[in-house]
Participant: 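Take a look at this one; I'll ask things after.
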Amino acid sequence: MTDQSTTKFSYTLKATDGRARTGVIHTPRGDIRTPAFMPVGTAATVKAMMPESVAATGADILLGNTYHLMLRPTAERIDRLGGLHKFMNWDKPILTDSGGFQVMSLAGLRKLTEKGVTFKSHIDGSKHELTPERSMEIQKLLGSDIVMCFDECPALPADRKRIAESMRLSMRWAQRSRDAFGDRPGHALFGIMQGGLEADLREESAKALREIEFDGYAIGGLAVGEGQEAMFDCLDYAPGYLPEDKPRYLMGVGKPDDIVGAVKRGVDMMDCVLPSRSGRTGQVWTRHGVLNIKNARHQDDPRPIDENCTCPACQNYSRAYLHHVFRSNEMISGMLLTWHNLHYFQEIMQGMRDAISEGRFDAWEADFHANRAQGDI
Ligand SMILES: NCc1cc(CSc2ccccc2)c2nc(N)[nH]c(=O)c2c1
Ligand SMILES: [Zn+2]
């Protein structure tokens, strides 16, 4: 356990291979090996997982949601109870999103102004407001180690004018987030680049964020329906607009091949609900591709999901059993499939960290794609 009193927040770049990077983010609550995949713990839990199980998959950090926690149980209550780490029994780093993205995707009756956004809770219809200042206050009450700026991610389809206006609003909110965050040693504030798929707007956004100065820089506004090719086209230039000596976080990405392509293009941190959410629907991600355990062809299959996987699901259970408990809607189904998926995602990250360190990323990537059959396996 790192000495929380003296360790500041810092990033050490250890090796590069092409544009791919590997390094370590040092925080008072522990180190984060990059490239890193960050499981999402929306309502103070990674669904169907105990915190110690999340740690056992190899996760160094998990994510929380300002939007969900401000509505229930409220940030003030979590603060009174000792903060989010104590509340959810996770003593490693936590990153929290700033809430604006979730408001636009989940809440009702939203009103967006220069000041911020007002909305009605999707839980009970109560009225709330989020501003850069309030978002910083909530994330401070939660005690998160990495705080995200309050931003706006424009809904697609959007024309260039709308994307430019939205990005410039987010840059004004980034300055207000910075001012409200203040000086909190050991805690980090990340700026969020916007600008859609417009290279010049992305560059303008990066320039604005660099002038404000942040501990890390996120790439927002991607994986919002543009498709993998357009996302990769944007990632061919956007990470390069950001400082080399700070971590780069691609928000809300993605499937295994999205993650590999993003790391190849210089991304250091990613998050996605996919491994946990899809695990609960029976979708299982493996080195040979994706399968769905509810398919009848698994009902008599004595083999594990993946003979080469060291997770508890693959070590101790057959496909037939996992098919049975999924079909029977037993809780252990979501637990075991989520564990396997998170374990597999972390295995991909460890594979890339090793490959980049040893200068063999291209060979690792070729092997990764060669192993993936099409469709069910
Ligand atoms: N990939 C789409 C996406 C996802 C998230 C959510 S990432 C997340 C989710 C849960 C917990 C922590 C982070 C975003 N968050 C912000 N603030 N801005 C974006 O542009 C954006 C785009
Ligand atoms: Zn497994």
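All values below come from the heavy atoms of this structure, side chains included, with hydrogens, waters and symmetry mates left out. One-based numbering, in listed order, for ligands and for the atoms of each.
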Participant: Are Tyr249 and ligand 1 in contact, using a heavy-atom cut-off of under 4.0 Å?
Facilitator: yes
Participant: Non-hydrogen atoms of Gln102 versus ligand 1: any pair closer than 4.0 Å?
Facilitator: yes
Participant: Got a second to check how far Phe119's CZ is from Leu112's CG, nearest 0.5 Å?
Facilitator: 12.5 Å
Participant: Do any nitrogen or oxygen atoms of Cys153 come within less than 3.5 Å of a nitrogen or oxygen of ligand 1?
Facilitator: no
Participant: Is Val224 in polar range of ligand 1, meaning some N or O pair under 3.5 Å apart?
Facilitator: no
Participant: Give a yes-or-no answer on whether the side chains of Tyr11 and Asp215 include a donor-acceptor pair shorter than 3.5 Å.
Facilitator: no
Participant: Taking a cutoff of less than 4.0 Å between a non-hydrogen atom of the residue and any ligand atom, is Val253 in contact with ligand 1?
Facilitator: no
Participant: Could you tell me which atoms of ligand 1, counted from 1 in the order shown, lie closer than 4.0 angstrom to a heavy atom of Ala223?
Facilitator: 1 (N), 2 (C)
Participant: Do Asp301 and Arg303 pass the salt bridge (charged side-chain N to carboxylate O under 4.0 Å, His left out) test, and can you show the C-alpha distance, the side-chain angles, and the key distance before you say yes or no?
Facilitator: CA-CA 6 Å; Asp301 193 333; Arg303 297 174 303 158; 2.7 Å; yes
Participant: Can you tell me if Gly100 contacts ligand 1 (heavy atom of the residue under 4.0 Å from the ligand)?
Facilitator: no
Participant: Quick one: do Glu203 and Lys207 make a salt bridge, cutoff under 4.0 Å?
Facilitator: no
Participant: Among side-chain atoms of His323 and Ser318, is any donor-acceptor pair under 3.5 angstrom?
Facilitator: no
Participant: Is the shortest distance from a Lys or Arg side-chain nitrogen in Arg172 or Glu114 to a carboxylate oxygen in the other one below 4.0 Å?
Facilitator: yes
Participant: Report, rounded to 10°, the angle at the Zn ion (ligand 2) between the two atoms SG (Cys314) and SG (Cys311).
Facilitator: 110°
Participant: For ligand 1, which atoms have a heavy atom of Gly220 less than 4.0 angstrom away?
Facilitator: 19 (C), 20 (O)
Participant: Mind checking whether Tyr67 and His122 have ring centres under 6.0 Å apart?
Facilitator: yes
Participant: Suppose we measure from atom 8 (C) of ligand 1 to each protein heavy atom; which comes out shortest, and what is that distance?
Facilitator: Asp97 OD2, 3.6 Å
Participant: Any carboxylate oxygen within less than 4.0 angstrom of a Lys/Arg side-chain nitrogen, looking at Glu152 and Arg162?
Facilitator: yes
Participant: Numbering the atoms of ligand 1 from 1, which are under 4.0 Å from a heavy atom of Gly221?
Facilitator: 19 (C), 20 (O), 22 (C)
Participant: Just need the protein heavy atom nearest to atom 18 (N) of ligand 1, so name the residue and atom and give the distance.
Facilitator: Asp151 OD2, 2.8 Å
Participant: Run the numbers for me: atoms of ligand 1, each under 4.0 Å from some heavy atom of Ile192, listed by number.
Facilitator: 17 (N)
Participant: List the closest protein heavy-atom neighbour of atom 10 (C) of ligand 1: residue, atom name, distance to the nearest 0.1 Å.
Facilitator: Asn65 ND2, 3.5 Å
Participant: Looking at His340, which of its N, O or S atoms is the nearest one to the Zn ion (ligand 2)?
Facilitator: ND1
Participant: Check whether any N, O or S atom of His343 sits under 2.8 Å from the Zn ion (ligand 2).
Facilitator: no
Participant: Does this structure show an ion pair linking Glu137 with Arg134, if we count only N-O contacts that are shorter than 4.0 Å?
Facilitator: yes
Participant: Any idea which of Thr42, Val103, Asp271 brings a heavy atom closest to atom 7 (S) of ligand 1?
Facilitator: Asp271
Participant: Would you please determine whether Gly64 falls within less than 4.0 Å of ligand 1 on a heavy-atom basis?
Facilitator: yes
Participant: I want to check a possible cation-pi pair here: Arg265 against Phe232, using under 6.0 Å from ring centre and within 45° of the ring axis as the test.
Facilitator: yes
Participant: Using 4.0 Å as the upper bound for N to carboxylate O, is an ion pair formed by Arg80 and Glu76?
Facilitator: no
Participant: With the threshold set at 4.0 Å, does a side-chain nitrogen-carboxylate oxygen contact exist between Arg21 and Glu244?
Facilitator: no
Participant: Looking only at protein heavy atoms, identify the closest one to atom 14 (C) of ligand 1 and say how far it is in Å.
Facilitator: Phe101 CG, 3.5 Å
Participant: Side chain, backbone, both or neither: which part of Gln194 has a heavy atom under 4.0 Å from ligand 1?
Facilitator: side chain
Participant: Regarding ligand 1, does Leu222 bring an N or O atom to under 3.5 Å of one of the ligand's N or O atoms?
Facilitator: yes
